[in-house]
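As the structure is a computational prediction, the values presented were derived from the model and not from experiment.
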Amino acid sequence: MPRPTGPALMEKLVALCKRRGFIFPASEIYGGINGFWDYGPLGAQLKNNLRDAWWRDMVEVPPLGPDGEPLQIVGLDSSIIQNPKVWEASGHVGGFNDPMVDCRESKRRYRADHLHVFLPSDGEGPGFAFVEGEADTALSKIKKAKRDRDQYRVTPLLSLDPAAYAGVIGPDTKEPGSLTEPRQFNLMFQTYVGATATQDNLAYLRPETAQGIFLNFKNVLDSSRVAPPFGIAQIGKAFRNEVTPRNFIFRSREFEQMEMEWFCHSSEAVKWFEFWSQARLQWWKDQGVQAERLILRTHERDELAHYAKKGAGTVDIEYAYPFTEPGHGELEGVAHRSCYDLTQHQEHSNKKLEFFDPQTRERYLPDVIEPAAGLSRGVLVLLADAYDLDESRPSPELLRLKPSLAPVKAGIFPLTKKDGLPEISDRIFRELRERYVVQHDIKQSIGKRYARMDEIGTPFCITVDHQTLEDQTVTVRDRDTGYQQRIATDKLTPFLAEKL
RNA sequence: GCGGGUGUAGCUCAGUGGUAGAGCUCCACGUUGCCAACGUGGUUGUCGUGGGUUCAAAUCCCAUCACCCGCUCCA
């Protein structure tokens with residue numbers, strides 16, 4: 001059997017993740033809860049490794065800029081719950097709550113504010129609904145009804161009383177009365193701050209970590225001796241009440257983001273937008289993700305988020321997920337948010353957020369380039385990308401994870417559990433565990449132990465055999481090739497240091 | 001939220017009204033000693049959950065939850 005693709009691969013992956021302790025359904029013993037997942041021992045380790053790699057490459061050792069000079073990026077860890085006014089200013093309270101209309105006939109769902117209706121001016125006959133910008137079908141229906149366009153006026157669906165929907169034909173149907181009344185979909189989780197649940201202390205769980213960065217822009221500027229162009233980076237949980245959580249951890253309601261807001265002068269925004277688009281794509285390749293499964297996709301004008309309407313636009317770094325291939329799905333977005341967010345917060349808070357450049361004596365709100373990656377999605381990409389099934393191997397199922405990201409770096413085994421071998425392997429284990437995540441396993445046949453390690457993506461297996469008793473060397477087996485080399489026990493730490 | 005599918009041991013699944021099963025995994029012992037080896041023995045079940053019909057329900061009915069696929073949505 002070759003490596004499976006599509007739904008078959010997802011099934012294998014979900015099963016492996018559960019069997020070996022990467023990812024479990026949240027609150028499983030109570031029947032689970034839609035859209036939430038728990039990371040098991042290996043999943044937590046893998047996620048932390050990816051998170052640490054990002055933090056290191058963004059905050060501790062940021063990349064070199066186009067001029068070869070190190071970029072300046074500082075870290076932040078802001079609160080999940082903020083003053084609710086934050087989300088009004090950011091546009092999430094207004095724009096995140098789209099009323100939706102369902103069609104009982106065509107089973108389609110529309111954004112209510114995207115629907116308009118041709119209403120008969122004389123009140124005779126049905127109205128014809130259509131999606132904004134797609135009036136053609138409705139017009140041809142009018143022709144079919146032997147009526148004239150001039151006998152109709154166009155009005156937004158939302159301006160009608162829902163009772164009048166009974167006389168409206170849906171965009172994709174022939175008979176009137178199939179549209180439901182608009183229903184509110186609140187994509188932000190609500191909660192209450194304090195013990196009493198009243199409208200006065202309503203608060204929201206953040207739907208993105210970015211706003212915490214904008215809120216602290218001035219604090220960081222005043223405390224950290226940074227000046228544009230510079231970045232503020234943050235990793236943390238975000239929450240969205242998705243209509244349809246789907247595809248394992250790809251779209252869950254609680255997820256983790258790795259976001260960096262890059263503040264720069266608007267005259268340099270395009271340059272930095274292009275820089276970060278390429279830098280971020282390259283970063284994912286550097287994490288071992290196969291280049292041919294990654295693409296950059298530029299957003300169409302009409303799919304841009306409210307904060308990215310102006311400026312250089314948005315580009316997605318997309319991956320060919322098992323459930324999208326041969327198409328792609330989002331992994332990270334690089335957006336030019338212009339100065340939208342800082343402007344909004346400056347207006348709503350009445351606090352000056354401008355940067356003053358003492359060199360040019362210019363006072364301005366910086367533009368923002370935002371590379372925003374999904375950490376949870378990254379874990380899914382690492383797993384899906386690393387998964388391989390090769391029936392010609394003694395251990396067919398394996399994860400070809402990049403060694404530095406693998407949850408376990410090495411398995412340490414005595415070939416047999418006699419002749420003092422376990423004592424030696426235990427000594428090696430105790431030494432290596434000080435620096436690396438390693439596992440000591442003395443049970444069962446050596447083949448089974450290799451197979452178990454392959455399955456969780458452990459790059460190296462160190463085996464103590466009888467020759468070890470004579471010359472203090474062990475075999476080190478490579479996960480991907482099965483190739484074995486003998487290495488002196490006191491050279492194991494440098495060996496791993498070089499490979500990881 | 002709509003339509004279709006699935007839900008039985010850790011995993012993969014069989015079981016169409018009458019004692020809860022198989023293979024793999026896992027554990028123990030023995031044999032072996034570099035690739036899921038062999039032998040013997042053993043552990044593991046709210047049959048997704050709740051209700052109903054029945055002398056009797058994994059099986060029939062109703063409701064519900066979760067997952068998968070397709071719509072829809074995705075800042």
Side-chain angles (χ1 to χ4, degrees), chain A residues 6-8 10-12 14-21 24-37 87 90-92 94-98 100-111 172 178 180 183 185 187-188 206-208 210-211 238 240-248 250-253 255 257 259 299 303-309 314 323 329-330 333 335 337 340-341 370 372 374 393-398 413-419 421 443-455 461-467 474-477 479 482-484:
Chain A
M10 281 312 286
E11 271 178 42
K12 286 275 192 190
V14 172
L16 173 64
C17 282
K18 189 169 172 213
R19 189 171 71 244
R20 287 305 185 195
F24 307 119
S27 18
E28 191 183 14
I29 59 171
Y30 288 101
I33 177 166
N34 195 356
F36 298 89
W37 299 89
W87 308 108
S90 69
H92 287 87
F96 225 68
N97 304 320
D98 302 322
M100 307 295 294
V101 169
D102 287 319
C103 178
R104 297 186 194 92
E105 197 61 38
S106 70
K107 306 300 179 196
R108 286 176 177 274
R109 167 175 291 167
Y110 313 93
R111 267 179 66 165
D172 300 285
S178 64
T180 66
R183 279 181 287 225
F185 284 80
L187 293 185
M188 276 198 294
R206 66 182 176 200
E208 61 174 16
Q211 294 306 320
R240 283 179 205 166
N241 224 336
E242 297 287 356
V243 179
T244 314
R246 206 38 87 76
N247 292 323
F248 201 29
F250 177 76
R251 179 174 302 132
S252 47
R253 290 180 163 140
F255 58 102
Q257 293 185 304
E259 297 196 291
H299 277 214
E303 63 175 318
L304 290 174
H306 63 275
Y307 55 68
K309 294 287 185 209
T314 297
F323 44 83
E330 187 182 350
R337 295 180 81 129
Y340 175 87
D341 301 276
E370 173 196 75
R393 291 169 58 103
S395 53
E397 205 171 21
L398 74 157
F413 317 135
L415 186 59
T416 86
K417 46 183 159 178
K418 296 180 299 200
D419 307 328
L421 266 39
K443 304 230 170 121
Q444 296 178 320
S445 74
I446 190 72
K448 230 174 233 189
R449 285 176 274 170
Y450 285 151
R452 262 200 295 267
M453 285 296 148
D454 287 346
E455 225 176 27
C461 289
I462 296 164
T463 303
V464 172
D465 58 15
H466 292 89
Q467 191 181 329
V474 293
T475 64
V476 177
R477 168 187 176 275
R479 173 197 66 203
Y483 171 74
Q484 288 181 339

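- With rounding to whole Å, A:R246 atom CZ is found 12 Å from B:rA66 atom P.
- With hydrogens and angles ignored, a donor-acceptor pair closer than 3.5 Å exists between the side chain of A:E455 and the base of B:rA36.
- Here B:rA28 presents its C1' atom at 9 Å from NZ of A:K443, a figure rounded to the nearest Å.
- In the interface, the side chain of A:R240 is not paired with the base of B:rC74 through any donor and acceptor atom under 3.5 Å apart.
- With sequence neighbours left out, A:E330 forms a side-chain hydrogen bond (donor to acceptor under 3.5 Å, both in side chains) with no residue at all.
- Remark: A:T475 engages no residue in a side-chain hydrogen bond (donor to acceptor under 3.5 Å, both in side chains) (not counting sequence neighbours).
- Between the side chain of A:Q484 and the base of B:rC34, a donor-acceptor pair under 3.5 Å is found.
- Taking the salt bridge (charged side-chain N to carboxylate O under 4.0 Å, His left out) definition, one finds that A:R253 meets it with nothing, sequence neighbours left out.
- Across all strands shown, B:rG21 pairs with B:rC13; the Watson-Crick or G-U wobble distances both stay below 3.5 Å.
- For B:rC29, the paired nucleotide is B:rG39, the pair qualifying as Watson-Crick or G-U wobble because both relevant distances are below 3.5 Å.
- Rounded to whole Å, the distance from CG on A:D419 to C1' on B:rU32 is 13 Å.
- Rounded to an integer number of Å, the gap from NZ of A:K417 to P of B:rA28 is 7 Å.
- With a 4.5 Å cut-off on side-chain heavy atoms, A:R240 and A:E208 count as touching.
- Rounded to whole Å, the distance from CZ on A:R251 to P on B:rC67 is 14 Å.
- Here CD of A:Q444 is found 8.5 Å from NZ of A:K417. Values are rounded to the nearest 0.5 Å.
- The pairing partner recorded for B:rU72 is none, the criterion being a Watson-Crick or G-U wobble arrangement whose two distances lie under 3.5 angstrom.
- Remark: B:rU46 base-pairs with no nucleotide; criterion is Watson-Crick or G-U wobble with both hydrogen-bond distances under 3.5 Å.
- Computed from coordinates, the A:F413 CZ to B:rC34 C1' distance equals 11 Å when rounded to whole Å.
- B:rU19 and B:rC24 have their P atoms separated by 26 Å, given to the nearest Å.
- Atom CD of A:E259 is separated from atom P of B:rA75 by 12 Å (rounded to the nearest Å).
- Phosphate proximity of B:rC26 to A:Q444: present, with a side-chain N or O under 4.0 Å from OP1 or OP2.
- Here the P atom of nucleotide B:rC24 and the NZ atom of A:K12 are 16 Å apart, to the nearest Å.
- Not counting sequence neighbours, A:E242 has no partner by the side-chain hydrogen bond (donor to acceptor under 3.5 Å, both in side chains) test.
- Looking at heavy-atom distances under 4.0 Å, A:G333 makes no contact with the nucleic acid at all.
- Closest non-hydrogen pair, A:P207 versus A:F255, comes out as O-CZ, 4.2 Å.
- Note on A:G35: only backbone sugar-phosphate atoms sit closer than 4.0 angstrom, heavy atoms only; bases stay farther off.
- Using P as the reference atom, B:rG5 and B:rC60 are 14 Å apart when rounded to the nearest Å.
- In a base pair of the Watson-Crick type (N1 to N3 plus N6-O4 or O6-N4) or a G-U wobble (N1-O2 and O6-N3), with each distance short of 3.5 Å, B:rU6 is matched with B:rA66.
- The nearest heavy atom of RNA chain B to A:Q257 and to A:P7 marks one nucleotide each, and the one closer to the 5' end goes with A:P7.
- Taking atom C1' in both B:rU16 and B:rG30, one finds a spacing of 44 Å when rounded to whole Å.
- Residue contacts for A:N247: at a heavy-atom cut-off of 4.0 Å it reaches the sugar-phosphate backbone alone, with no base atom in range.
- For a distance-only test at 3.5 Å, the side chain of A:R477 qualifies as a donor-acceptor partner of the base of B:rC35.
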Step by step, work out the salt bridge (Lys or Arg N to Asp or Glu O under 4.0 Å) result for A:R20 and A:E397. CA-CA 12 Å; A:R20 287 305 185 195; A:E397 205 171 21; over 6 Å; no
Do any N or O atoms of the protein come closer than 3.5 Å to N or O atoms of nucleotides 6-12 of chain B, and which pairs are they?
residue, atom, partner, partner atom, Å
B:rC11, OP1, A:K18, NZ, 2.7

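- Looking at heavy-atom distances under 4.0 Å, A:P25 makes no contact with the nucleic acid at all.
- In this model, no side-chain donor or acceptor of A:T244 finds a partner on the base of B:rC73 within 3.5 Å.
- Counting heavy atoms from C-beta outward, A:Q467 and A:L415 have side chains that stay 4.5 Å or more apart.
- Judged by Watson-Crick or G-U wobble contacts below 3.5 Å, the nucleotide B:rA58 has no partner.
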N/O to N/O distances under 3.5 Å, protein versus nucleotides 37-40 of chain B:
residue, atom, partner, partner atom, Å
B:rA37, OP2, A:S445, OG, 2.8

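- The nucleotide whose nearest atom lies closest to any side-chain atom of A:I446 is, among B:rA66, B:rC34, B:rG33, B:rC34.
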